[in-house]
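Each remark here refers to the structure printed beneath this line.
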Amino acid sequence: MKKIFSICAMFSVILFGACTDVDTAGETPEVPGTPEEPVVAPEIPVVPAGFDWSTETGVNLTLESGVTTNVSVYSEEDCQDNSLLLEDVLLESDVARTFRMAVPAGTEKLYVKYPAASGADDVVALAVNGADVNYKFPVDAVKSRYEKVPDYQYYYNSGVIMVEDMWPDFAASNADFNDLVVEYDLKTVECTSPSLLPAHGYKEGVIVTLDIRGVGSGRTRKAGLQLDFDTSILQPEHIEKIVYEKAGQGVMTEIRDNRFTIDVDLTQPDKVLILFDGLDNLVQGKHYQTAEGDIEVGKPMIRAYVKLSGVPDRSKLTGEASRAQAEAFRDVVSYPEKHDFFMVLKSAYGSAEIHQKGFAPSYRYKNYETDSKGLMSSVPYCSKDNDVWVLRLPVGTPHVYDRVSIFSAYPDLKEWIESNGQRKRGWYKNYDHSLVPHYW
């Protein structure tokens with residue numbers, strides 16, 4: 001299986017927030033938003049009222065081939081695994097098929113790899129000029145793979161989450177956005193051969209991995225993910241939850257002690273709640289992989305692995321129920337509005353949840369209205385000045401060192417914001433290398 005594509009999806013930012021140094025013995029517990037350290041105010045842009053903070057573009061890609069074949073889709077010209085959107089998806093002869101995906105806002109082309117008539121793989125570049133991209137392969141351009149179509153197809157969604165812990169008070173922020181840094185991967189696997197479903201249908205489902213890249217706060221306790229999903233489809237007894245120490249590609253060791261736990265909550269009919277607990281154990285007297293001069297190169301990341309499964313043998317379902325299960329898995333991966341990443345603070349700070357803009361707190365967090373202190377707009381986790389608290393960016397985007405303003409590290413960010421997203425759409429690709437770590 002390929003590495004999951006880095007998709008930036010819906011990106012939210014708070015312009016403000018202060019990271020804490022470490023927990024101080026005997027300190028008075030503070031409510032969310034109380035500064036714990038002196039900060040230097042960064043140069044803050046004026047956020048346009050209509051700015052939506054999204055670094056993604058939603059694309060409906062429609063492909064058609066004159067012969068049955070399979071194709072893979074990438075967001076970068078080199079067609080490497082880190083830009084993979086769709087892998088080995090089936091195109092039946094003369095049947096147009098539309099795929100929904102979200103790509104970085106700066107993406108100008110999509111790259112479709114296909115088996116050419118010559119016998120080698122070829123790539124066609126398709127311009128992204130709007131929400132709909134359509135392409136029909138020329139006659140005789142594609143080699144038929146009717147007998148060689150893979151038995152599974154894959155849909156990917158990946159990125160980086162960066163969170164500030166000072167919600168809802170941003171007055172004393174240093175805007176370093178490293179209080180929790182998580183690389184996430186979402187993948188769904190779908191069987192394309194009905195004959196394989198009885199024996200191999202268990203391979204289908206949604207796989208979620210959360211890799212903890214950095215913790216720049218003594219307040220951070222949990223990484224959370226809330227999925228919009230019909231939980232009646234899922235089989236609780238088939239849910240897999242494993243915590244790993246990830247030392248490299250494919251090099252993982254299971255952590256069996258109780259320092260870290262994963263809770264998968266299916267009690268709500270339309271939400272799957274995943275909580276990765278114990279991240280405060282990574283902050284032992286110093287921040288975890290965020291302080292300049294104190295980065296441990298090659299240090300393994302802690303990974304939460306979760307697999308959500310439906311009926312193992314989908315062939316036993318009625319046609320409509322089978323279609324609905326496969327579609328639900330595809331949609332929850334392909335539509336960023338269906339997954340919300342967030343952080344939970346330690347109980348000493350009210351156990352507040354800090355979510356992406358526009359996403360409501362989970363049912364477990366009861367004190368949003370009180371803790372928000374009247375500073376929010378009518379949109380959840382969005383201030384009256386249209387400031388937000390969570391960044392969602394392409395995988396591989398570096399976080400900044402402690403107390404470094406993201407506006408200093410990313411010089412194009414301010415212009416992107418103040419232009420209402422019209423200029424510098426690839427701002428996250430241009431950063432000051434001296435202000436970010438390079439260890440992963």
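Other residues, nucleotides and ligands place more than 12 heavy atoms under 6.0 Å from the NZ atom of Lys307. Annotation: Glu108, atom CD; neighbour count of heavy atoms from other residues, nucleotides and ligands within 6.0 Å does not exceed 12. Annotation for Glu415: atom CD counts as buried by contact number, over 12 foreign heavy atoms lying within 6.0 Å. Environment of CG in Asp270: crowded, with over 12 heavy atoms of neighbouring residues, nucleotides or ligands closer than 6.0 Å.
How far NZ of Lys373 is from CH2 of Trp167: 9.0 Å, rounded to the nearest 0.5 Å. Between the CH2 atom of Trp389 and the OH atom of Tyr381 there is a distance of 10.0 Å, given to the nearest 0.5 Å. Rounding to the nearest 0.5 Å places CG of Leu126 at 7.0 Å from CG of Leu63. To the nearest 0.5 Å, atom CG of residue Leu186 and atom CG of residue Leu210 are 8.0 Å apart. The structure places OG1 of Thr98 at 8.0 Å from CG of Asp132, a figure rounded to the nearest 0.5 Å. From Leu180, atom CG reaches atom CZ of Arg219 across 14.5 Å, with rounding to the nearest 0.5 Å.
Looking at Ser383, its side chain never comes within 3.5 Å of a backbone N or O of Met376 through a donor-acceptor pair. Proximity of a side-chain donor or acceptor of Thr290 to a complementary backbone N or O of Asp179 within less than 3.5 Å is not detected. In this structure a side-chain-to-backbone donor-acceptor pair under 3.5 Å is present from Glu418 to Val46. Using a distance-only test at 3.5 Å, with no hydrogens or angles considered, no donor-acceptor pair links the side chain of Ser322 to the main chain of Gly319. Counting only distance, with no hydrogens or angles, the side chain of Ser377 and the backbone of Cys382 share a donor-acceptor pair below 3.5 Å. Put simply, the side chain of Arg97 gets close to the backbone of Leu90: a donor and an acceptor are under 3.5 Å apart. Under a 3.5 Å cut-off, the side chain of Glu353 and the backbone N or O of Ser362 do form a donor-acceptor pair. Remark: the backbone N or O of Ile239 is not paired with any side-chain donor or acceptor of Ser309 at under 3.5 angstrom. Of the possible donor and acceptor atoms, none in the side chain of Ser93 sits under 3.5 Å from a partner among the backbone N and O of Thr68. Remark: the backbone N or O of Val311 is paired with a side-chain donor or acceptor of Gln325 at under 3.5 angstrom.
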Give the intermediate values and the outcome of side chain to side chain contact (heavy atoms under 4.5 Å, CB included) for residues Tyr305 and Glu240.
CA-CA 8 Å; Tyr305 170 96; Glu240 297 179 44; 3.9 Å; yes
Criterion side chain to side chain contact (heavy atoms under 4.5 Å, CB included) on Leu197 and Glu204, from CA distance to verdict:
CA-CA 9 Å; Leu197 278 171; Glu204 293 192 329; 3.9 Å; yes
Kindly determine whether Ser72 and Asp88 satisfy side chain to side chain contact (heavy atoms under 4.5 Å, CB included), including the steps that lead there.
CA-CA 5 Å; Ser72 297; Asp88 289 335; 3.9 Å; yes
Given side chain to side chain contact (heavy atoms under 4.5 Å, CB included), test Phe137 with Val71 step by step and report yes or no.
CA-CA 11 Å; Phe137 288 96; Val71 301; 4.3 Å; yes
Full working for salt bridge (charged side-chain N to carboxylate O under 4.0 Å, His left out) between Asp151 and Lys203:
CA-CA 11 Å; Asp151 296 322; Lys203 297 177 182 178; over 6 Å; no
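Salt bridge absent: Asp122 and Lys113 never bring a charged side-chain N and a carboxylate O closer than 4.0 Å.
Closest heavy-atom contact between Pro236 and Leu266: CG-CD1, 4.0 Å. For the pair Asn386 and Pro48, the tightest heavy-atom approach, listed with the atom from each and the gap, is ND2-O, 3.0 Å. The heavy-atom pair separating Ala409 from Val400 by the smallest distance is CB-CG1, 3.3 Å. What you find for Thr107 and Ser75 is that their closest heavy atoms are CG2-O, 4.3 Å. What you find for Val47 and Asp385 is that their closest heavy atoms are CB-O, 3.8 Å. Annotation for Val283 and Gly218: closest pair CG1-CA, 4.4 Å, computed over non-hydrogen atoms.
Under the side-chain hydrogen bond (donor to acceptor under 3.5 Å, both in side chains) criterion, Asp230 pairs with Ser232, not counting sequence neighbours. When the side-chain contact (heavy atoms from CB on, under 4.5 Å) test is applied to Asp211, the partners found at least two apart in sequence or on another chain are Glu183, Lys246, Met301, Arg303. Judged as a side-chain contact (heavy atoms from CB on, under 4.5 Å), and not counting sequence neighbours, the contacts of Val95 are Glu92. By the salt bridge (Lys or Arg N to Asp or Glu O under 4.0 Å) test, Arg425 pairs with no residue at all, sequence neighbours left out. Asp313 is linked by a side-chain hydrogen bond (donor to acceptor under 3.5 Å, both in side chains) to Ser315, counting only residues two or more places apart in sequence or in another chain.
Pairs passing the ring pair (Phe, Tyr, Trp, His ring centres under 6.0 Å) check and including a residue from residues 315-336, sequence neighbours excluded, read Phe229-Phe329.
A donor-acceptor contact closer than 3.5 angstrom is absent between the side chains of His399 and Asn178. Judged purely by distance below 3.5 Å, without hydrogens or angles, the side chains of Asp371 and Tyr365 pair a donor atom with an acceptor atom.
Checked against the 6.0 Å centroid criterion, the rings of Phe342 and Phe359 do not qualify as a close aromatic pair. Trp416 and Phe51 have their aromatic ring centers within a separation under 6.0 angstrom.
Taking the side chain as every heavy atom from C-beta outward, Pro336 and Phe341 never approach each other to under 4.5 Å. Residues Phe407 and Ile417 have side chains in contact (heavy-atom distance under 4.5 Å, counting atoms from C-beta outward). For the pair Tyr363/Asp265, a side-chain contact is recorded, criterion being any heavy-atom separation below 4.5 Å from C-beta on. You'll find the side chain of Leu85 stays beyond 4.5 Å of the side chain of Leu61, heavy atoms only. Using a 4.5 Å heavy-atom cutoff, the side chains of Ile212 and Val182 are in contact. Proximity of Val112 to Leu86: side-chain heavy atoms (C-beta onward) are nowhere separated by under 4.5 Å. Counting only heavy atoms from C-beta outward, the side chains of Ile242 and Met252 never approach each other to under 4.5 Å. Side-chain atoms of Leu227 and Leu308, non-hydrogen and from C-beta on, do get closer than 4.5 Å to each other.
Across Val124, Thr69, Val73, a single residue satisfies side-chain contact (heavy atoms from CB on, under 4.5 Å) together with Tyr114, and that is Val124.
By the 30° and 60° cut-offs, the orientation of the rings of Tyr156 relative to Tyr154 is parallel. Between His433 and Tyr431, the ring planes are tilted. Angles from 30° to 60° get that label. A tilted orientation is assigned to the rings of Phe99 and Tyr155, their planes being inclined by 30° to 60°.
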